[in-house]
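Report on one structure; see the data block that follows.
Since the model is a prediction, treat every value here as computed from it, not as a measurement. Order of the sequence lines sets the chain letters (A, B, ...), proteins ahead of strands, with each chain counted from 1.
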Amino acid sequence: MKVFNIFFTFLKISPLIFGGGYVVIPLIESEIVKKKNWITEEQLVDIFAVAGCMPGAVAFNIAVLVGYKLAGILGAVVALLGIIIPSCIIVIVILYFFSYMSNNIFFIKALQGLKPAIVGLIAAAGFKVARIAITDISTISVFLIGLLILIFTNINPVLLILAGIFLGLSLVK
Amino acid sequence: MWINLKLFFTFLKLGLVSFGGGYAMLPLIEHQAQNNGWLKTGEFGEIMTIAGVSSGSIAENSAVLIGYNVNNISGAVFSGLGMVLPAFTLAVVLGSLLYRIKNNEFVKKVFYILKPIIVSLILYAALKFAIINEIISLSGIGFNNILIIAVSFIMVTYFKIHPALIFLTASITGMLIF
């Protein structure tokens with residue numbers, strides 16, 4: 001029964017993932033932490049950290065990790081299917097309506113309103129993780145240096161993550 | 001069937017190297033699609049736009065659209081599965097490790113540093129999304145945009161409003177004010 005519940009929860013989240021995946025953070029929080037109490041916020045932030053370090057779409061990675069945590073391999077599979085099926089169907093449907101939609105003034109304006117909201121929600125996701133992740137002067141410094149490197153250099157984020165892993169390991173006494 | 005397998009393995013390969021987010025993947029996807037003769041020049045631009053405005057992952061959406069273009073629904077399914085399989089496998093492996101060794105001293109320290117880095121990645125993603133969609137540009141940022149960004153941020157952070165409701169309100173607001 002729980003497996004169906006996991007599947008339908010992610011099925012519901014899937015059509016709402018706009019703008020690169022991090023929007024899934026407030027969505028998962030609403031659905032899985034607040035409504036269902038399946039996991040705690042602390043556990044969720046750990047999951048975000050792992051998902052952000054992996055290849056692939058961050059939203060899918062988060063879904064798989066949450067699904068696995070809740071119900072093992074089967075949970076991971078249904079979470080993945082739940083989160084990809086609706087958006088894959090939607091994208092094919094949009095393929096047929098796109099030339100009509102891209103000339104429709106209401107659609108263009110709705111999109112213009114939607115896009116800044118996506119920015120707000122991604123920022124909110126960052127803020128949410130920050131409240132748990134940034135606890136002292138060292139974590140503030142890591143955050144700021146990381147952000148500056150991303151903005152001003154063109155390095156692959158993977159290198160930043162690897163550097164972080166090495167830095168973390170070097171802190172162990 | 002042969003073409004489906006070809007799609008599957010091509011996107012499996014791409015899925016393996018899909019570090020750095022969807023937009024970083026697009027040139028690789030385009031290269032593979034064109035090498036295989038799956039797209040005409042110029043078609044990729046449209047696929048990219050559709051994959052970007054649709055919900056879900058832009059890389060996964062591109063895979064599904066290219067697969068669909070080549071061999072209908074079955075092509076879409078095989079391409080889509082190929083693309084997600086590597087990350088899925090890794091997530092399951094990492095997940096099983098994470099939940100087992102969470103209290104290990106090394107893991108704790110790595111997380112201590114990784115979490116603030118993830119914050120920079122997320123905020124950078126917000127910034128990049130704003131720039132790609134011309135919400136922020138060199139000429140500045142419009143008042144309407146600031147307003148929608150701020151209101152959505154506050155609504156989700158402090159009032160715990162469901163994101164779906166925020167998207168709906170923002171779209172309607174867009175129709176009214178732009």
Minimal non-hydrogen separation, Ala76(B) against Ile92(A), with atom names: CB-CD1, 4.0 Å
Contacting moiety of Thr169(B), where chain A heavy atoms sit under 4.5 Å: neither
Top of Leu111(A), Leu95(A), Asn61(A), Ile13(A) for chain B proximity - count of heavy-atom pairs under 4.5 angstrom: Leu95(A)
Min side-chain heavy-atom separation Leu123(B)-Phe143(A) under 4.5 Å: yes
Greatest number of heavy atom pairs closer than 4.5 Å to chain A - which of Ser96(B), Ala63(B), Ala130(B): Ser96(B)
Non-hydrogen side-chain atoms of Gln112(A) and Met175(B) separated by less than 4.5 Å: no
Enclosure of Gln34(B) CD (heavy-atom neighbours >12, cutoff 6.0 Å): yes
For the student: nearest non-hydrogen atoms of Gly52(A) and Leu121(B), plus distance: O-CD1, 4.3 Å
Donor-acceptor pair, side chain of Lys109(B) and main chain of Gly168(A), under 3.5 angstrom: no
Portion of Glu105(B) that has a non-hydrogen atom of chain A nearer than 4.5 angstrom: both
Working for side-chain contact (heavy atoms from CB on, under 4.5 Å), residues Lys115(B) and Thr139(A): CA-CA 8 Å; Lys115(B) 282 183 201 169; Thr139(A) 40; over 6 Å; no
Gap between atom OG of Ser120(B) and atom CG of Leu150(A) - 0.5 Å precision: 6.0 Å
Test of ring centre spacing under 6.0 Å for Phe167(B) and Phe18(A): yes
Atom group of Ile47(B) that falls short of 4.5 Å from chain A, counting heavy atoms: neither
Part of Val53(B) within contact of chain A (heavy atom distance under 4.5 Å): both
Transitive ILVMFWY side-chain link Ile118(A) to Ile177(B), under 4.5 Å: no
Residue from Asp46(A), Ile165(A), Val50(A) passing side-chain contact (heavy atoms from CB on, under 4.5 Å) with Leu114(B): Ile165(A)
Heavy-atom contact with chain B under 4.5 Å, split by part of Phe60(A): side chain
Over all atoms of both residues, closest heavy-atom pair of Ala164(B) and Leu16(A): CB-CD1, 3.6 Å
Any Thr157(B) side-chain heavy atom under 4.5 Å of Lys128(A) side chain: no
Verify same cluster id: Phe4(A), Leu74(A) (apolar side-chain graph, 4.5 Å): yes
Heavy-atom pair count under 4.5 Å with chain B, highest-scoring of Leu65(A), Ile145(A), Val93(A): Leu65(A)
Spacing of CD1 belonging to Ile172(B) relative to CG belonging to Leu114(A), to within rounding of 0.5 Å: 11.5 Å
For chain B, the option from Val77(A), Val24(A), Ile149(A) that forms the most heavy-atom pairs under 4.5 Å: Val77(A)
Heavy-atom pair of closest approach, residues Ala87(B) and Pro55(A): CB-O, 3.5 Å
Among Phe111(B), Phe106(B), Phe153(B), residue most engaged with chain A (heavy-atom pairs, under 4.5 Å): Phe153(B)
Atom group of Gln43(A) that falls short of 4.5 Å from chain B, counting heavy atoms: neither
From CG (Leu90(B)) to CE (Met54(A)), nearest 0.5 Å: 4.5 Å
Heavy-atom pair count under 4.5 Å with chain B, highest-scoring of Val91(A), Leu169(A), Val142(A): Val91(A)
Heavy-atom pair with the smallest gap, counting every atom of Leu171(A) and Tyr112(B): CD1-CD2, 4.0 Å
Residue part contacting chain A, namely of Tyr124(B), when any heavy atom lies under 4.5 Å: both
Ile89(A)-Phe8(A) co-clustered via ILVMFWY side chain contacts under 4.5 Å: yes
Straight-line distance of Ile50(B) CD1 to Ile90(A) CD1, nearest 0.5 Å: 14.0 Å
Glu60(B) and Cys88(A), any side-chain heavy atoms less than 4.5 Å apart: yes
Closest heavy-atom pair and its distance - Leu160(A), Ile117(B): O-CD1, 3.7 Å
Pairwise side-chain contact, Lys115(A) with Glu134(B), heavy-atom cut-off 4.5 Å (strictly under): no
Residue part contacting chain B, namely of Ile84(A), when any heavy atom lies under 4.5 Å: side chain
Distance (rounded to the nearest 0.5 Å) between Phe129(B) CZ and Tyr22(A) OH: 14.0 Å
Contacting moiety of Lys12(A), where chain B heavy atoms sit under 4.5 Å: neither
Atom CG of Leu176(B) with >12 non-hydrogen neighbours under 6.0 angstrom: yes
Under 4.5 Å from any heavy atom of chain A - which part of Val92(B): both
Largest heavy-atom contact set with chain B, pairs under 4.5 Å, which of Ala124(A), Ala110(A), Gly67(A): Ala110(A)
Distance (rounded to the nearest 0.5 Å) between Leu147(A) CG and Leu127(B) CG: 7.5 Å
Between Ser57(B), Pro163(B), Gly95(B), the one whose heavy-atom pairs under 4.5 Å with chain A are most numerous: Pro163(B)
Residue part contacting chain B, namely of Ser170(A), when any heavy atom lies under 4.5 Å: neither
Pairs of heavy atoms under 4.5 Å with chain B: top-ranked of Ala63(A), Ala117(A), Ser14(A): Ala117(A)
hydrophobic_cluster_shared for Phe166(A) and Val158(A), side chain cutoff 4.5 Å: no
Heavy-atom pairs under 4.5 Å with chain A, option from Ile166(B), Ile113(B), Asn145(B), Ile136(B) with the top count: Ile113(B)
Under 4.5 Å from a heavy atom of chain A, the part of Ile118(B) involved: side chain
Segment of Leu65(B) engaging chain A (4.5 angstrom heavy-atom cut-off): side chain
Region of Ile25(A) in contact with chain B, defined by heavy-atom distances below 4.5 Å: side chain
Transitive ILVMFWY side-chain link Met101(A) to Phe178(B), under 4.5 Å: no
Pairs of heavy atoms under 4.5 Å with chain A: top-ranked of Thr173(B), Ile73(B), Val84(B): Val84(B)
Contact check, side chains of Thr49(B) and Phe98(A), non-hydrogen atoms, under 4.5 Å: yes
Proximity breakdown for Val119(A) and chain B, heavy-atom pairs closer than 4.5 Å: both
Among the listed options Ala126(B), Ser152(B), Ser55(B), Ala91(B), the residue most often paired with chain A at heavy-atom distances under 4.5 Å: Ser55(B)
